[in-house]
Amino acid sequence: MASPRGGNGAGDGPGGGAGRHAPRAWRLPGRKIALAGDTANAIDWPFPTDPPMNRPGTSQGSGAPLTPPSPSFVELFTPKLITVLREGYGLTELKSDLVAGLTVAIVALPLSMAIAIACGVTPDRGLYTAIVGGFLISLLGGSRFQIGGPAGAFIVLVASTAMRHGIDGLMLATFLSGIFLVVLGFLRAGTYIKFIPYPVTVGFTAGIGVIILTSQLKDFFGLALSGPEPGPIVEKVPALLAAADTASPLSLLLAVLTIAVIVLTKRWRPGWPGMLFAVALAAVAAWLFQLPVETIGSKFGGIPRTLPLPHLPDFSLQKIQAVLPDAVAFALLGAIESLLSAVVADGMTGRRHRSNCELAAQGTANIAAALFGGVPATGTIARTATNVRAGARGPIAGMSHAVFLLLFMLVAAPLASYIPLSALAGVLVLVAWNMLEKHAFVALVRASRGEALVLMATFLITVFRDLTEGIIVGFSLGAMIFINRMAQALTVEYQVPLVAPDIADSSDGRVRYDPSLASDPDVVVYRISGAFFFGAASTVGAVLDRIADHRKSFILDFSEVPFLDSTAANTIAGAARKAESAGVQCFITGASPAVRHTLSAHGVRPPTVRFGRSIDSVIRHLRKGEPVTDSKEFD
């Protein structure tokens, strides 16, 4: 089965891709997804990431399917680099990866330094993280396109850890978080990270964006505080307002111009490195006109031109106990961010990452980053997306991005001393603005009161209390709301036998079997039954990722779905966009008004999908060959 964008879908799972054979059904934990025409032959599917197609032990063609064996340790933890090389890797692929790696390195250079400064450490530590951590994440990871390095999401945690425990404590916490991530990967816990509800991820990401935004106001306006800058946002804002009369017009001008250059470059020349241009122009202006603004050189004394020698952090028992909560928080956030980034890359390319292999690679990268004095490393969504758009073919793009960063540091380190801190603050203000995910935030608020409650609780607790607390409270609320919805959706039948009796074919009003539904080469029909919520979204999404084959039409039947939450709706939206990009018509049938409302709130609406009352109505329309209009519904 072809993947949505190029390739044949093979090689991205332990057992390869999906072939085009006779339709079959498989049963997911707690619900069933069935291909029309063969619902009697069900497969118990234990795999969280790949449907049982073309796996050893699964019959192809006729005969009952067999339960596929569990993938071996080697299959699950083979780096994607090996997969790409096995598929065939030549000079053309190498050139594409080098170009993509250079493009990402240009973006990562100013961003890595800006994030490090916002974390309360020197800018060179951000470069060490991007070089060492980024190289190992691509070398050992389970995603073809993942770009690793320092991430804006870590700013809050890293800054508070460095403030409380010093640089040595930060290095130890980073080292321990790497060990935890490796253990999580080997325990195959990557699957369970995907169970975090969508409102929780949007809530804590937006909360982090607000905290980053406020943390950059001092350098953005060039404020001079009378004492150390407070950490909590409730204390920080009054302190910044009290120092408003010390604002520097030149710092503000440089920050605003930096944002303007980035935004205008993205609009008019999206292929150009606007972030690097903006920071370079600010540095040239500060040097040429000798502007009285704070720079990297004036505050940190410049950037070293070589990597430091690796050394172990202090492993005293007392220190380990002190930083253990921070290490756990680093590991939790790193796992969430890296897998979210890998999912974004999957959505853009149609490939499939291996989550547990990715966690193990992230852990190894964090251990190495700590040895070289770096901050926590994770998968970065923006740089990973840039890598994909630049034409990357495999992990060598990410590895080359780290090598290019090292070369930049060796050659251009003295020039970095002239970069104004206000310009880097402008870069991070733009990053924080993008992290707010405004459209998703509004969609969740409108979706339902339950989704809005989870979102706002996570967001507010993250901003005013703690990130880890926000995630835990949000997840707990999401689970309770799901239990409540399940209770409301429960129906009780009187005197129902434990074993259903045989019923004559003529007595249940069943529709006559239509073999064309199973044999039509241009139409594929999936049926979902049961509550579709965040706990099942990743599993169902793994199946739907295979829809963009050579079929012309795809029908998803929701007749037996009593409700779905925002995570499930977001999964359907991603699958529908994938189908649309591959030229596949997508139809949803049997959805109740409540389900349709939730889907529509998340962008599942015409022209991306069309709705129908039943499968038959859509099939009749397709057989007539009538044109499909954006507002067409099939009743």
Side-chain angles (χ1 to χ4, degrees), residues 5 95-115 130 145 147 149 151-152 205 209 212-213 216 219-221 249-289 291 293 341 344-345 347-349 380-393 397-398 400-401 404-405 408 412 415-416 418-442 577 580-581 603 607-608:
R5 297 189 182 183
K95 289 180 179 178
S96 298
D97 279 343
L98 290 178
V99 171
L102 177 60
T103 303
V104 178
I106 291 173
V107 174
L109 179 64
L111 199 55
S112 299
M113 292 188 292
I115 290 173
F145 307 102
I147 298 295
T205 303
I212 294 175
L213 186 65
Q216 296 307 301
D219 290 332
F220 192 92
F221 290 97
L250 285 176
S251 295
L252 177 60
L253 179 63
L254 286 175
V256 172
L257 289 178
T258 298
I259 294 176
V261 170
I262 295 173
V263 172
L264 293 176
T265 303
K266 184 177 181 180
R267 180 174 181 179
W268 299 110
R269 291 291 185 270
W272 291 11
M275 195 174 295
L276 182 65
F277 284 165
V279 173
L281 288 174
V284 169
W287 169 75
L288 186 62
F289 299 105
L291 299 179
V293 295
S341 178
V344 169
M348 296 178 68
T349 62
T380 55
I381 296 176
R383 276 162 273 174
T384 298
T386 301
N387 188 40
V388 173
R389 294 192 194 102
R393 303 293 182 89
S400 64
H401 129 271
F404 282 125
L405 279 176
F408 289 161
L415 303 179
Y418 298 102
I419 296 176
L421 296 185
S422 58
L424 294 179
V427 171
L428 284 181
V429 164
L430 200 56
V431 170
W433 176 257
N434 292 330
M435 288 179 68
L436 296 180
E437 298 190 60
K438 299 167 288 298
H439 297 295
F441 203 99
V442 173
R577 287 192 297 268
E580 184 181 34
S581 66
T608 305

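Excluded from the calculations below are hydrogen atoms, water molecules and symmetry mates; all remaining heavy atoms, backbone and side chain alike, are included.
Sorted by first and then second residue, the side-chain hydrogen bond (donor to acceptor under 3.5 Å, both in side chains) pairs involving residues 421-430 (not counting sequence neighbours) form an empty list.
Applying the side chain to side chain contact (heavy atoms under 4.5 Å, CB included) test to Ala114 and every residue at least two apart in sequence or in another chain returns Leu424, Leu428. In terms of the side chain to side chain contact (heavy atoms under 4.5 Å, CB included) criterion, residue partners of Ser96 (sequence neighbours excluded) are, by chain and number, Arg393. By the side chain to side chain donor-acceptor pair (under 3.5 Å) test, Thr205 is found to be paired with no residue, residues two or more places apart in sequence or in another chain being considered. Considering only residues two or more places apart in sequence or on other chains, Thr103 meets the side chain to side chain donor-acceptor pair (under 3.5 Å) condition with none of them. With sequence neighbours left out, the side chain to side chain contact (heavy atoms under 4.5 Å, CB included) criterion links Val284 to no other residue. Legend: residues meeting side chain to side chain contact (heavy atoms under 4.5 Å, CB included) with Ala130, ordered by chain and number and at least two apart, are Ser112, Pro150, Leu405. Residues satisfying the ring pair (Phe, Tyr, Trp, His ring centres under 6.0 Å) criterion with Phe441, sequence neighbours excluded, are Phe459. Taking the side chain to side chain donor-acceptor pair (under 3.5 Å) definition, one finds that Asp219 meets it with nothing, sequence neighbours left out.
Here the closest heavy-atom approach between residue Ala423 and residue Ala282 is recorded as CB-CB, 3.6 Å. The nearest pair of heavy atoms linking Gly426 to Ile259 is O-CG1, 3.5 Å. Here the closest non-hydrogen pair linking Ile419 and Met113 is CD1-CE, 3.7 Å. Here the shortest heavy-atom pairing between Ala105 and His401 reads CB-O, 3.6 Å. Of all heavy-atom pairs spanning Thr608 and Arg577, the tightest one is CG2-N, 4.1 Å. Of all the heavy atoms in Ala425 and Gln216, the pair that sits closest is CA-OE1, 3.5 Å.
For the atom pair Leu109 CG and Phe404 CZ, the distance stands at 13.0 Å (nearest 0.5 Å). Here CZ of Phe277 is found 7.5 Å from CD1 of Ile106. Values are rounded to the nearest 0.5 Å. Summarising the geometry, atom OG1 belonging to Thr380 is positioned 9.0 Å from atom CG belonging to Asn387; distances are rounded to the nearest 0.5 Å.
For Tyr418, the OH atom sits in a loose shell: 12 or fewer heavy atoms of surrounding residues, nucleotides or ligands are nearer than 6.0 Å.
Partner Val256 forms a side chain to side chain contact (heavy atoms under 4.5 Å, CB included) with one of Leu252, Thr258, Leu254, Leu253 and no other, that one being Leu252.
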All N/O donor-acceptor pairs, side-chain side in residues 432-439, below 3.5 Å, sequence neighbours left out:
from: Asn434; atom 1: ND2; to: Leu430; atom 2: O; distance (Å): 3.3
from: Lys438; atom 1: NZ; to: Trp433; atom 2: O; distance (Å): 3.3

Can I get a per-line list of side-chain donor-acceptor pairs under 3.5 Å for residues 263-272, giving both atom names and the distance, sequence neighbours left out?
from: Thr265; atom 1: OG1; to: Val261; atom 2: O; distance (Å): 2.6

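With a 4.5 Å cut-off on side-chain heavy atoms, Val107 and Leu276 do not count as touching.
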